[in-house]
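Have a look at the structure below, then the notes.
Below, chain A is the first sequence line, B the second, and so on; all start at residue 1. Keep in mind the model is a prediction, meaning the values are calculated, not measured.
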Number of protein chains: 2
Amino acid sequence: MEQDINSEKLILNAAKEVFLEKGFDGARMQEIADRAGINKALLHYYFRSKDNLFDAIFKDAFEQFLPRIAGIMTTDKPFFEKLEFFIDTYLNMLSENPHLPVFVMHEINRSPEVLINIIRDSGFNPEALRSMIKKEVKAGTINPVDPVHLIVNIIGMCLFPYMGKPILQGFIFKNNAEDYQKFLTERKKEIKKFVINSIRKKV
Amino acid sequence: MEQDINSEKLILNAAKEVFLEKGFDGARMQEIADRAGINKALLHYYFRSKDNLFDAIFKDAFEQFLPRIAGIMTTDKPFFEKLEFFIDTYLNMLSENPHLPVFVMHEINRSPEVLINIIRDSGFNPEALRSMIKKEVKAGTINPVDPVHLIVNIIGMCLFPYMGKPILQGFIFKNNAEDYQKFLTERKKEIKKFVINSIRKKV
DNA sequence: GTCTATATCGGGATAGAC
DNA sequence: GTCTATCCCGATATAGAC
């Protein structure tokens, strides 16, 4: 654990917290400074403006939000194992960053132009994923299924319990946080079961 | 079409647009006034403050966001028909209000206390839904499945393509809006197929 | 009810001492 | 590099004429 406690790191950590909770428009430079335990002027010393500070955070957050599948897909494990591994890792990431999805989607709505640049930078290539699923369909491992729809289904099922936490916890679980936590851990096996049931070839 | 073009309606319509696009913190009273074609001072004449105006919009939006299932569930149609009807109506609503999900979830993060009041007002009762699904499981119509997980799965699959539109359209569809629209219409049958495949009893 | 003009204040940004 | 004090604009809100 290299706990570099220099000011820049402190600022970035605090800024990430505040921006993720409040969004760009709701975030206050004062609050970021307070949480970082430093002065407001220092923010402008390290990052010239609120926009600059935000960009540093957002780029990072967005890349984390994009499922890191390249690594998973190149292994030679069986398809269903890859699938389960992907669901596990993505849900783990969400547990550690529960605000990430709403933050990213809200901010992208605000200014979709930013996306263009990030797309260029990121080496994200959906084609690998597509062809992999097609291969499985051809091999007869799984039922015929459109790769994009399958991915969107899975990610949607993973994201919603985190994005909708206040609603679900409030309405369905009568605000019992413990019950909701239990529900979240259950989802790993539930999503896997649901997906595999749907696409596995029947005997 | 009773096109009541009195100022209050004009304001509410404009406010809904702006708040849904920008969120509370990003919305500007000036922009709302402009879009309504009236003066900024008039906003404060009808609604005392930005908060008041927002509350009027949010309550409405939130109730729309909650899937209106009560009516569907009381019919005596077969289970799978109810299911398909639910998916169709929910996706139709989202097509007409694409910003709704991100808006609601972002704003609820900002101040979850508001939820409490709305819960009290709304007559939403998840118990009916729960017991209905349980009944189907018992009757052997569908595989054993936890009702809450099933609902969360379905709603997640419906919501994500709308919330993540800029991302999906940008990354997967190379910013071709037409292709993405086609994808969205496909989802009706894809989600139904995916769900039914997963829970239907095998012969 | 609807407007113009203005008060008030919060928050991003800068100056300048140390 | 870090602080205090201050500038200054933009945005909500109000006063008051018509």
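- Listed by residue number, there are no residues of residues 14-23 of chain A with a heavy-atom contact under 4.0 Å to DNA chain D.
- By the 4.5 Å heavy-atom criterion applied to side chains, R130(A) and I172(B) are counted as neighbours.
- Here the straight-line distance linking atom CD of E81(B) with atom CD of E84(B) works out to 7.5 Å at 0.5 Å rounding.
- If you take CG on L10(B) and CG on N6(B), they are separated by 7.0 Å, rounding to the nearest 0.5 Å.
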Candidate pair F65(A) and I108(A), rule side-chain contact (heavy atoms from CB on, under 4.5 Å), full reasoning: CA-CA 12 Å; F65(A) 176 79; I108(A) 279 184; over 6 Å; no

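- Straight-line distance from the CZ atom of F24(B) to the P atom of dA11(D): 14 Å, rounded to whole Å.
- Against DNA chain D, the stretch residues 26-36 of chain B makes heavy-atom approaches under 4.0 Å through A27(B), R28(B), M29(B).
- Looking at residues two or more places apart in sequence or on another chain, you find a side-chain contact (heavy atoms from CB on, under 4.5 Å) between E178(A) and N176(A).
- Here ring-ring contact (aromatic ring centres under 6.0 Å, His included) pairs that include residues 14-44 of chain A, with residues two or more places apart or in two chains, are F19(A)-F54(A), F24(A)-F54(A).
- A distance-only check finds a donor-acceptor pair linking the side chain of T89(A) to the backbone of F85(A) [under 3.5 Å].
- For Y162(A) and Y90(A), the ring centers are positioned 6.0 Å apart or more.
- Every ring-ring contact (aromatic ring centres under 6.0 Å, His included) that F183(A) has, sequence neighbours left out, goes to F173(A), Y180(A), H149(B).
- Of the possible donor and acceptor atoms, one in the side chain of R187(A) sits under 3.5 Å from a partner among the backbone N and O of M157(A).
- Applying a 4.0 Å cut-off to non-hydrogen atoms, the residues of residues 39-52 of chain A that approach DNA chain D are N39(A), A41(A), L42(A), Y45(A), Y46(A), listed by residue number.
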